[in-house]
Undergrad: 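The structure's right below; bear with me while I get my questions together.
Naming: A, B, ... by sequence-line order, numbering from 1 per chain.
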Amino acid sequence: MEALLIAVAKVVVIFAGMVTIAGLMSLAERKVSAWMQYRHGPNRVGPFGILQPLADGLKFIFKEELVPEGANRLMFRLAPALAAMPAMLTMAVIPVGGTVVIAGREIPLSMTDIDIGVLFLLSMSGLSVYGVILGGWASNSKYSLLGGLRASAQMISYELTLILTILAVVLLSGSLDLRAIVAAQQHVGQWNIWYQPLAFVLFTITMFAETNRHPFDFAECEPELVGGFHTEYSSMRFALYFLGEYCAMTVLSCLAATLFLGGPSVPFWPAAPWYVGVLSLLAKAGFFLYLFLWVRWTLPRLRFDQLMRLGWKVFLPLALLNLLATGAVVAFTHGAQ
Amino acid sequence: MLERYAPVLIYAAVVAAFALASLLLSDLLGKRRRAIGKGGPYESGMDPRGNARLRLSIHFYLVAVLFILFDVEAIFLFPWAAASKWLAEKGAGGIVFAEVAVFVTVLGAGLAYVWRKGGLEWDR
């Protein structure tokens with residue numbers, strides 16, 4: 001019973017934290033773009049516009065929901081939930097901190113630590129493509145259909161690179177459990193970024209393609225496809241697509257920090273209290289989240305054929321070679337002692 | 001061991017409740033107004049021409065098939081990646097790595113074949 005209560009509490013707290021970060025990201029997106037373009041951005045709701053995401057959410061709820069004629073109604077209504085849910089579910093295996101002792105009870109700070117954490121995360125993130133392509137197809141609009149198709153082709157192409165780069169890290173730590181991967185890099189010198197620089201670069205770029213973000217946002221590029229797969233969506237359904245996208249960005253940023261930057265471990269302070277560890281993870285993930293916005297206002301969008309060429313002809317062979325090289329190093333140096 | 005998955009189930013229930021509740025809320029609270037032409041799909045202000053159930057470029061299918069191929073390959077690599085360190089300590093690292101190298105080389109040859117045949121050219 002007590003274990004159940006603890007599990008529910010952890011689930012609720014971590015879920016609320018993730019959704020809050022996702023909401024703040026929608027504000028940060030507008031604030032940072034305003035800052036980069038020399039204007040103010042939202043600043044009316046609350047101090048510095050900090051309550052803007054809340055106001056937006058309320059407004060979305062009261063908006064009219066349009067279903068276009070000829071749309072597949074059931075699919076059209078369910079698709080946003082299908083897109084948002086897997087993106088949020090991936091958070092379940094991310095260790096957000098070390099261990100807390102509350103009332104003599106040791107509580108590890110993650111929803112759960114399963115020994116196939118990486119596999120669970122990849123399978124969940126693989127599911128999110130269904131929401132996008134179903135939403136695009138069910139809308140009965142040409143822009144939506146093309147956007148959904150492009151998104152699915154892009155997401156599955158880059159998923160291969162994502163898997164292969166994560167496998168290189170798994171090789172080094174010898175476990176699919178994300179907490180074990182964190183435990184293997186407690187000191188700055190043990191961070192995987194030093195041993196897997198190529199995998200780190202590939203993973204970071206692949207994050208942008210997996211979340212349909214600039215410079216790979218072909219699923220929704222305004223000049224060609226109006227809005228892409230969410231052209232016909234309004235009200236909370238539209239919001240769910242974006243909540244899912246921001247949650248996916250948040251989780252992938254946390255994952256990048258976990259795999260390559262030691263997750264919640266604090267540099268040069270091994271005995272740091274648990275809240276410093278959580279802050280450390282947030283700071284590392286915050287860097288990647290900021291990178292999403294920075295790149296958006298810095299780089300121009302690629303062309304779709306360039307994107308596919310990059311994925312299949314550059315990233316996939318590079319990731320395969322990197323994996324083989326890492327495997328050789330592990331196989332032939334580790335057995336020596 | 002299996003009870004470690006209980007939080008995943010709880011979380012799935014929370015997430016599903018959140019998603020469905022937000023969909024239902026906007027269904028209940030959102031207003032409805034009918035107007036001529038409002039229900040048509042958006043086509044930049046023109047009257048929509050024909051149906052959107054179009055025939056698709058064959059490239060998308062090709063990408064999907066290639067994805068399945070390499071995704072299945074990656075599934076086979078998971079156990080090896082997780083066990084590689086342990087195998088090396090047991091002294092079996094070299095032989096297992098050789099097997100994996102052969103496996104990956106065969107698939108690499110497959111990629112090279114698709115590449116050569118133009119299966120990766122998008123703008124043809």
Undergrad: Look at B:L28, B:L66, B:L20 and state which one has the largest set of heavy-atom pairs under 4.5 Å with chain A.
TA: B:L66

Undergrad: Less than 4.5 Å to any heavy atom of chain B: does that hold for the side chain of A:L243, its backbone, both, or neither?
TA: side chain

Undergrad: Test your reading of the model: is there a side-chain donor-acceptor pair from B:R4 to the backbone of A:T112, 3.5 Å cut-off?
TA: no

Undergrad: Output the option from A:G126, A:G174, A:A168, A:S173 having the highest count of non-hydrogen pairs under 4.5 Å with chain B.
TA: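 Max contact count across the listed options: A:G174.
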
Undergrad: Would you indicate whether B:F103, at its atom CZ, is surrounded by more than 12 heavy atoms from other residues, nucleotides or ligands within a distance under 6.0 Å?
TA: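 Yes, enclosed.
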
Undergrad: A side-chain contact here means heavy atoms from C-beta on lying under 4.5 Å apart; do A:M308 and B:E121 qualify?
TA: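 Of all side-chain heavy-atom pairs linking B:E121 with A:M308, none is under 4.5 Å.
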
Undergrad: Set out, in order, the CA-CA distance, both residues' side-chain angles and the distance that settles side chain to side chain contact (heavy atoms under 4.5 Å, CB included) for B:E73 and A:L164, then state yes or no.
TA: CA-CA 10 Å; B:E73 171 201 7; A:L164 293 176; 5.5 Å; no

Undergrad: Quick check for you: among A:L171, A:L321, A:V11, which has the greatest number of heavy-atom pairs under 4.5 Å with chain B?
TA: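 Going by pairs under 4.5 Å, I would pick A:L171.
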
Undergrad: Could you tell me which portion of B:A74 (side chain, backbone, both or neither) has an atom closer than 4.5 angstrom to a non-hydrogen atom of chain A?
TA: both

Undergrad: Is it the side chain or the backbone of A:L316 that comes within 4.5 Å of chain B heavy atoms, both, or neither?
TA: side chain

Undergrad: Could you have a look at A:S234, A:A92, A:S144 and say which one has the most heavy-atom pairs with chain B under 4.5 angstrom?
TA: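 Heavy-atom pair counts peak at A:A92.
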
Undergrad: Do you know which two heavy atoms are closest between A:M18 and B:Y11, and how far apart they sit?
TA: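 Closest pair (atom of A:M18, atom of B:Y11, distance): CE-OH, 3.3 Å.
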
Undergrad: Is there a side chain to side chain contact (heavy atoms under 4.5 Å, CB included) between A:V330 and B:F97? Walk through the geometry before answering.
TA: CA-CA 9 Å; A:V330 169; B:F97 173 73; over 6 Å; no

Undergrad: Determine the minimum heavy-atom distance between A:F60 and B:S26, stating which atoms define it.
TA: O-CB, 4.4 Å

Undergrad: Could you tell me whether A:R77 and B:D27 have a side-chain N and a carboxylate O separated by less than 4.0 Å?
TA: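 The answer is yes: the pair qualifies as a salt bridge.
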
Undergrad: Quick check: does any side chain N or O of B:K85 sit under 3.5 Å from a backbone N or O of A:L172, one acting as donor and the other as acceptor?
TA: yes

Undergrad: So which of B:W115, B:F18, B:W80, B:W86 has the biggest tally of heavy-atom pairs under 4.5 Å with chain A?
TA: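 Most pairs with chain A among the choices: B:W115.
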
Undergrad: Does any backbone or side-chain atom of B:V104 lie under 4.5 Å from a heavy atom of chain A? Answer side chain, backbone, both or neither.
TA: side chain

Undergrad: Would you say that A:F120 contacts B:Y5 through its side chain, given a criterion of any heavy-atom pair below 4.5 Å between the two side chains?
TA: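 Heavy-atom side-chain distance check fails, nothing below 4.5 Å.
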
Undergrad: Please tell me if the side chains of A:L4 and B:I10 come closer than 4.5 Å, counting only heavy atoms from C-beta onward.
TA: yes

Undergrad: Using non-hydrogen atoms only, which part of A:K313 is less than 4.5 Å away from chain B: side chain, backbone, both, or neither?
TA: both

Undergrad: So which residue, A:I163, A:L78, A:I116, A:D177, ends up with the most heavy-atom pairs under 4.5 Å with chain B?
TA: A:I163

Undergrad: Quick check on the interface: out of B:D71, B:V100, B:L107, who has the most heavy-atom pairs with chain A under 4.5 Å?
TA: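 The candidate making the most pairs under 4.5 Å is B:D71.
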
Undergrad: Between A:I61 and B:S22, is there a side-chain heavy-atom distance shorter than 4.5 Å?
TA: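 Counting from C-beta outward, B:S22 and A:I61 never come under 4.5 Å.
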
Undergrad: Grab the two heavy atoms, one from A:P317 and one from B:L111, that are nearest each other, plus how far apart they are.
TA: CG-CD2, 4.1 Å

Undergrad: Against chain B, work out which of A:R309, A:M91, A:E69, A:Q306 has the most heavy-atom pairs shorter than 4.5 Å and name it.
TA: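 Answer, by heavy-atom pair count under 4.5 Å with chain B: A:E69.
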
Undergrad: Based on non-hydrogen pairs under 4.5 Å, which of A:G327, A:A84, A:S139, A:S157 is most in contact with chain B?
TA: A:G327

Undergrad: Would a 4.5 Å heavy-atom cut-off, applied to side chains only, mark B:H59 and A:L149 as touching?
TA: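 The answer is no, as the side chains (C-beta and beyond) never meet within the 4.5 Å cut-off.
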
Undergrad: With a 4.5 Å heavy-atom cut-off, do A:V93 and B:V8 have their side chains touching?
TA: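 No, every pair of side-chain atoms sits at 4.5 Å or beyond.
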
Undergrad: For B:L23, which atoms come within 4.5 Å of any heavy atom of chain A: side chain, backbone, both, or neither?
TA: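 For B:L23, the contact with chain A is made by backbone and side chain together.
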
Undergrad: For chain A, find which of B:A82, B:A6, B:A19, B:S57 contributes the most heavy-atom pairs closer than 4.5 angstrom.
TA: B:A82

Undergrad: Between A:A153 and B:F60, what is the shortest heavy-atom contact and its length?
TA: CB-CD2, 3.7 Å

Undergrad: Relative to chain B, which segment of A:L66 carries a heavy atom at a distance below 4.5 Å: side chain, backbone, both, or neither?
TA: side chain

Undergrad: Among B:A98, B:S84, B:A92, which residue has the highest count of heavy-atom pairs closer than 4.5 Å to chain A?
TA: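 It is B:S84.
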
Undergrad: Considering only heavy atoms from C-beta outward, does the side chain of B:V63 approach that of A:W312 to under 4.5 Å?
TA: yes

Undergrad: Please find the pair of heavy atoms, one from A:I156 and one from B:F67, that lie closest to each other, and give the distance.
TA: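 Scanning both residues, the minimum pair turns out to be O-CD1, 3.1 Å.
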
Undergrad: Determine the minimum heavy-atom distance between A:L167 and B:A81, stating which atoms define it.
TA: CD2-CB, 3.6 Å

Undergrad: If you count heavy atoms of other groups shown closer than 6.0 angstrom to CD1 of B:I95, is the number above 12?
TA: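 No.
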
Undergrad: Which bit of A:A138 comes within less than 4.5 Å of chain B, counting heavy atoms only: side chain, backbone, both or neither?
TA: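 Interface part for A:A138: backbone (N, CA, C, O).
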
Undergrad: Using the side chain to side chain contact (heavy atoms under 4.5 Å, CB included) rule, take A:V8 and B:V14 through it: C-alpha gap first, then chi angles, then the decisive distance, then the call.
TA: CA-CA 9 Å; A:V8 170; B:V14 170; over 6 Å; no

